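What follows is a single structure, written as structure tokens, with notes after it.
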Amino acid sequence: MAKVTKADWEKGLRSYFVLADPADVEAAKKAVVDNGGTVFAAYDKIGVVVAHAKGEKFADAVRAVRGVQAVGATRTSDVPRQAYDPPIPKAPTQQQPTEKERLRWDMEQIRADEAWKVTTGSRDVVVGVLDTGVDDQHPDLKENFVAGKSASCAYGRLDRREGAWRDTGSHGTHVAGTIAAAKNGVGVVGVAPGVRIASVRIAEEPTGLFFPENTVCAFMFAGDQRFDVTNNSYYTDPWQFVCPNDVDQAAILDGVRRAVRYAQNRGVLHVAAAGNSDYDLANKTTDSTSPNDSTPIKNRPIGNSCLDIPTEIPGVITVSATGDAGVKASYSNYGVAKIDVAAPGGDPLGGQDRGVYSTVPGGGFGYKAGTSMASPHVAGVVALLASVHPDAGPAELAALLRKQARDVPCPDDDRCTGGKELNSFYGEGEVDAAKAVRTRR
């Protein structure tokens, strides 16, 4: 694949997935070039080519080529200039934490403190944080960070330059602290403070969006690095729900599915946030938020075949959020046969708590709330399970995760259906770290 340089960028470029049989990817690449496009990145093992091209006729022309299975635009906006000259996020100035560790409501709720009496996690276990990046120099994260397994996938191609994985906001650093902030007496402590974390930055700068080509790159990298678990506290932009009856979105859905499956086949269990729209994922009707990189379509009709990805892709653990009162957070998505487990995400708007307290860039700490905060609690519990069952694969870890969950009955809310053991708000129940480290196979 020819090197793409800064000079190759031009205004009006759009990004596409071109899908082919993995045994015949070269034909797809040739079709891209023959029709005036550029192969920006290629994932031959799963038959996904990321193409950049101008002009409205490109997609239809490539779709007509023999051997090409699908073509779809991954954005409704132009490819940014930064894709051809990606900046490395600046390293923030660090302040030394003085705040002493104490047991916080979220860790108490999942009995993490009792789990630490058995194990804080194995150094052999690596959790990939697929997010906005991670501040690897944060004093509460530094000793558990693995730079050699970190990278950026922003803009749709792998960037392993030093620091490319750094946080462009604060979201990813907050997530990382919940998973594995060090048990060092200061600041906060993560669910599995003995495991290691790696950063795979997906979010672009300055939009902060997680486009499909970035997501595919991240899952492929996760598989190649053989992470034990990934945390995915996002949905793949620009479509909150990706619909297979749309030719562009169908290609997005298939491309991301292929990458998720690739990583799963290489031993990676994916954990993902259910979403923050208080939406019934089992009864989809409309979406007014997409596409979020241009002009959203008001009341776009959707059905249950339209998926929030990656959280609704088969094999991905879908996590709803609770607050410190132990009930569903006011914003958390839900749905029959959609939620696997629940975990603390905080609920200040619902009056339950101030949110989840964790690390933010520059050596600081802060509160955030969302299923984005619930998901890393579950990723941490999976890391503990992987520590005590080191030869367990993704399917077995997922089964063990469901087995250890603490049953939570439906509250007085007509939207919650099912019994104490399994329902639409909490799935199999809320994770229990203490039970997890004692769970037998």
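All values derive from a computational prediction rather than experimental measurement.
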What residues form a side-chain hydrogen bond (donor to acceptor under 3.5 Å, both in side chains) with [X], not counting sequence neighbours?
X      : result
Glu26  : Lys29
Lys403 : none
Ser288 : Asn299

Taking ring pair (Phe, Tyr, Trp, His ring centres under 6.0 Å) as the cut-off, I'd like each qualifying pair that reaches into residues 287-313, sequence neighbours left out, listed once. none
Write out all pairs satisfying ring pair (Phe, Tyr, Trp, His ring centres under 6.0 Å) with one or both partners inside residues 374-405, taking only residues at least two apart or from two chains. none
Is there any side chain to side chain donor-acceptor pair (under 3.5 Å) pair reaching into residues 340-349, and which pairs are they, with sequence neighbours excluded? Ser330-Asp347, Asp340-Arg402, Asp347-Gln352
Residue that, paired with Gln109, satisfies side chain to side chain donor-acceptor pair (under 3.5 Å) out of Thr322, Asp353, Asp324, Asp432: Thr322
Report the residues that fulfil salt bridge (charged side-chain N to carboxylate O under 4.0 Å, His left out) with [X], sequence neighbours left out, ordered by chain and then residue number.
X      : result
Asp280 : none
Asp308 : none
Asp60  : Arg63

Across all chains, not counting sequence neighbours, the side chain to side chain contact (heavy atoms under 4.5 Å, CB included) partners of Ala73 are Tyr16, Asp248
Distance-only donor-acceptor hits, side chain of residues 366-376, under 3.5 Å, sequence neighbours excluded:
{"unit_1": "Tyr367", "atom_1": "OH", "unit_2": "Arg354", "atom_2": "NH1", "d": "3.4"}
{"unit_1": "Lys368", "atom_1": "NZ", "unit_2": "Ser170", "atom_2": "OG", "d": "2.9"}
{"unit_1": "Thr371", "atom_1": "OG1", "unit_2": "Gly275", "atom_2": "N", "d": "3.0"}
{"unit_1": "Thr371", "atom_1": "OG1", "unit_2": "Asn276", "atom_2": "OD1", "d": "2.7"}
{"unit_1": "Ser372", "atom_1": "OG", "unit_2": "His171", "atom_2": "NE2", "d": "3.0"}
{"unit_1": "Ser372", "atom_1": "OG", "unit_2": "Ser233", "atom_2": "O", "d": "3.3"}
{"unit_1": "Ser375", "atom_1": "OG", "unit_2": "Asn231", "atom_2": "OD1", "d": "2.7"}

Scan the side chains in residues 238-245 for donor-acceptor partners under 3.5 Å anywhere in the protein, sequence neighbours excluded, and list what turns up.
{"unit_1": "Gln240", "atom_1": "OE1", "unit_2": "Thr289", "atom_2": "OG1", "d": "2.7"}
{"unit_1": "Gln240", "atom_1": "NE2", "unit_2": "Ser277", "atom_2": "OG", "d": "3.2"}

Tell me the closest heavy-atom pair linking [X] and [Y], and the distance in Å.
X      : Y      : answer
Asp293 : Phe211 : OD2-CE2, 3.7 Å
Val260 : His270 : O-NE2, 3.4 Å
Tyr235 : Phe210 : O-CB, 4.0 Å

May I ask you to check whether His52 and Tyr84 place their ring centres under 6.0 Å from each other? yes
Taking the ring centre of each residue, are Tyr331 and Tyr279 less than 6.0 Å apart? no
Trp116 side chain to Gly121 main-chain N or O, any donor-acceptor pair under 3.5 Å? no
